[in-house]
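What follows is a short report on a single structure.
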Amino acid sequence: MTRTARAFWLRSPGHGEIREVDLDEPGPEDVVVRTLCSAVSRGTETLVFRGGVPESQYGAMRAPFQDGEFPGPVKYGYLNVGLVEEGPASLRGRTVFSLYPHQTRYVVPASAVTPVPEGVPAPRAVLAGTVETAVNAAWDAAPLLGDRIAVVGAGMVGASVAAVLSRFPAVRVQLVDAEPARAEVARALGVDFALPGEAAGDLDLVVHASATEQGLARSLELLAPEGTVLELSWYGDRRIGLPLGEAFHSRRLTVRSSQVGTVSPARGARRSYGDRMALALELLADPAFDALVTGECGFEELPEVLPRLASGEIPGLCHRVRYAAESAVSSV
């Protein structure tokens, strides 16, 4: 019997489609997962959708279960929550998170899924990949007790980072964004909000996640002497100017990069990728993270919705994708 499923593919930059795909026969160490919901990573996925991945970064930008090659055709995505229908007894019937693209059913090694804790609803668990990025950023940033911190850019990643950092004792976290409506997200997460021109300065740490040249420049301006900007933005094929004149040297400022593809060196010797993902899912027990989900559509609507997400016609943060209860078929 041949198992089939339906998957979203980027046919060419700016053009997506739903395709029927054959599933591999599962082995004894594999699981068959029926997708309950997935989510669009607005920054990375819309960059991929527009064809903005530089050729030099094709390897670094590969998703764990990507099919095809950039710029397309390619099956891309990494925020997926589903129900294990077949596999080891310890996982059968469990809700799990995996770094799998938008597809109705799939077969992966059991080691590639992470069980969702009982207190985390499946629709919220699609945020796990983004919160994992925030966990890694927090490990890289290594804030100290009482630090004054700003996160510039209140997108999915920036808002998640602000939520995670706000849990450190006695820190002051300010979420900075040019869009006044993001104040509601900050309020839901329990952190302060400011427009770029009104943000408090003299900071120990600024995490930059706006993916704009202006945001990076403002991040440097907000630092106290010997402060650090942790750069999380991914610019794709854009060249970004960095203001290293004026007081940059005399104030001994630092700009560091952080990227989720590697476990932070601060924890790499003691924490695995699985440990990091499990921690992200534990943090999602907090219902405040629901504020990051600002839109939803059905799986079959993705070819029409993703161009609107990429263009900004549909604003917001995380866009969740719903799947029908019976989301795949089998045929001889």
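Count residues from 1 along the sequence.
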Okay, side chain of [X], backbone of [Y]: is any donor-acceptor separation there less than 3.5 Å?
| X | Y | result |
| --- | --- | --- |
| Thr104 | Arg6 | yes |
| Asp147 | Ile149 | no |
| Thr35 | Cys37 | no |
| Arg167 | Ala163 | yes |
| Ser233 | Ala211 | yes |
| Arg42 | Leu317 | yes |
| Asn136 | Gln259 | yes |
| Arg182 | Ala154 | yes |
| Asp30 | Val107 | no |
| Ser311 | Glu313 | yes |

Minimum side-chain heavy-atom gap [X]-[Y] below 4.5 Å:
| X | Y | answer |
| --- | --- | --- |
| Leu91 | Pro115 | yes |
| Val32 | Arg3 | yes |
| Glu231 | Ile240 | no |
| Leu83 | Val33 | no |
| Val173 | Asp192 | no |
| Trp234 | Met61 | yes |
| Val53 | Pro71 | no |
| Leu23 | Gln103 | yes |

Are [X] and [Y] close enough that a side-chain donor and a side-chain acceptor fall under 3.5 Å?
| X | Y | result |
| --- | --- | --- |
| His319 | Glu45 | no |
| Lys75 | Gln66 | no |
| Asp275 | Ser272 | yes |
| Tyr78 | Ser98 | no |
| Asn80 | Ser38 | no |

Looking at [X], I want to see if its [atom1] is surrounded by more than 12 non-hydrogen atoms of other residues, nucleotides or ligands under 6.0 Å.
| X | atom1 | result |
| --- | --- | --- |
| Gln57 | CD | yes |
| Glu55 | CD | no |
| Arg252 | CZ | no |

Starting at [atom1] of [X], measure out to [atom2] of [Y] and round the result to the nearest 0.5 Å.
| X | Y | atom1 | atom2 | result |
| --- | --- | --- | --- | --- |
| Glu17 | Leu302 | CD | CG | 12.5 Å |
| Leu242 | Ser219 | CG | OG | 10.0 Å |
| Arg187 | Leu175 | CZ | CG | 12.0 Å |
| Arg34 | Thr95 | CZ | OG1 | 9.5 Å |
| Asp22 | Glu20 | CG | CD | 7.0 Å |
| Leu244 | Leu220 | CG | CG | 7.5 Å |

Please name the pair of heavy atoms, one in [X] and one in [Y], separated by the smallest distance, quoted to 0.1 Å.
| X | Y | result |
| --- | --- | --- |
| Arg172 | Ala200 | NH2-CB, 3.9 Å |
| Val171 | Leu165 | CG2-O, 3.2 Å |
| Phe193 | Asp177 | CZ-O, 3.6 Å |
| Phe299 | Pro303 | O-CD, 4.3 Å |
| Ala178 | Leu195 | O-CD2, 3.9 Å |
| Tyr273 | Thr262 | OH-CA, 3.6 Å |

Honestly curious: do [X] and [Y] fall in one hydrophobic cluster under the side-chain, below-4.5 Å linking rule?
| X | Y | value |
| --- | --- | --- |
| Val131 | Val260 | no |
| Tyr100 | Val40 | no |
| Val321 | Ile314 | yes |
| Leu79 | Tyr106 | no |

_Arg322 and Glu296: CA distance, side-chain angles, deciding distance, salt bridge (charged side-chain N to carboxylate O under 4.0 Å, His left out) verdict_ = CA-CA 7 Å; Arg322 305 183 309 271; Glu296 195 172 69; 3.4 Å; yes

*Checking side chain to side chain contact (heavy atoms under 4.5 Å, CB included) for the pair Leu189/Leu292: CA distance, chi angles, key distance, verdict?*
CA-CA 9 Å; Leu189 297 174; Leu292 303 187; 4.2 Å; yes

*Is there a side chain to side chain contact (heavy atoms under 4.5 Å, CB included) between Arg320 and Leu127 once you walk through the steps?*
CA-CA 9 Å; Arg320 190 163 52 211; Leu127 294 166; over 6 Å; no

*Could you please spell out the steps behind the salt bridge (charged side-chain N to carboxylate O under 4.0 Å, His left out) verdict for Arg218 and Glu221?*
CA-CA 5 Å; Arg218 185 60 177 143; Glu221 292 171 353; 3.0 Å; yes

*asked:* Could you go through Arg148 and Asp202, starting from their C-alpha distance and side-chain angles, then the distance that decides it, and tell me whether this counts as salt bridge (charged side-chain N to carboxylate O under 4.0 Å, His left out)?
replied: CA-CA 8 Å; Arg148 295 159 297 180; Asp202 199 33; 3.3 Å; yes

_Pair Met277-Leu99, side chain to side chain contact (heavy atoms under 4.5 Å, CB included): steps then yes or no_ = CA-CA 10 Å; Met277 179 60 73; Leu99 298 169; 4.2 Å; yes

*Report the C-alpha distance between Glu213 and Leu216 in whole Å, list the side-chain angles of each, state the deciding distance to 0.1 Å, and finish with yes or no for side chain to side chain contact (heavy atoms under 4.5 Å, CB included).*
CA-CA 5 Å; Glu213 187 171 301; Leu216 180 54; 5.9 Å; no

*Kindly state whether the ring of Phe70 and the ring of Tyr76 have centres lying under 6.0 angstrom apart.*
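Ring centres of Tyr76 and Phe70 closer than 6.0 Å.
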
*Matching residue for Phe97 among Val120, Leu281, Leu284, Val113 - test: side chain to side chain contact (heavy atoms under 4.5 Å, CB included)*: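 The option that passes is Leu281.
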
*Apply salt bridge (charged side-chain N to carboxylate O under 4.0 Å, His left out) to the pair Glu132 and Arg276, showing each step before the final yes or no.*
CA-CA 6 Å; Glu132 182 190 20; Arg276 189 177 65 183; 2.9 Å; yes

*side chain to side chain contact (heavy atoms under 4.5 Å, CB included) with Thr254: which residues, sequence neighbours excluded?*
Thr228, Arg256

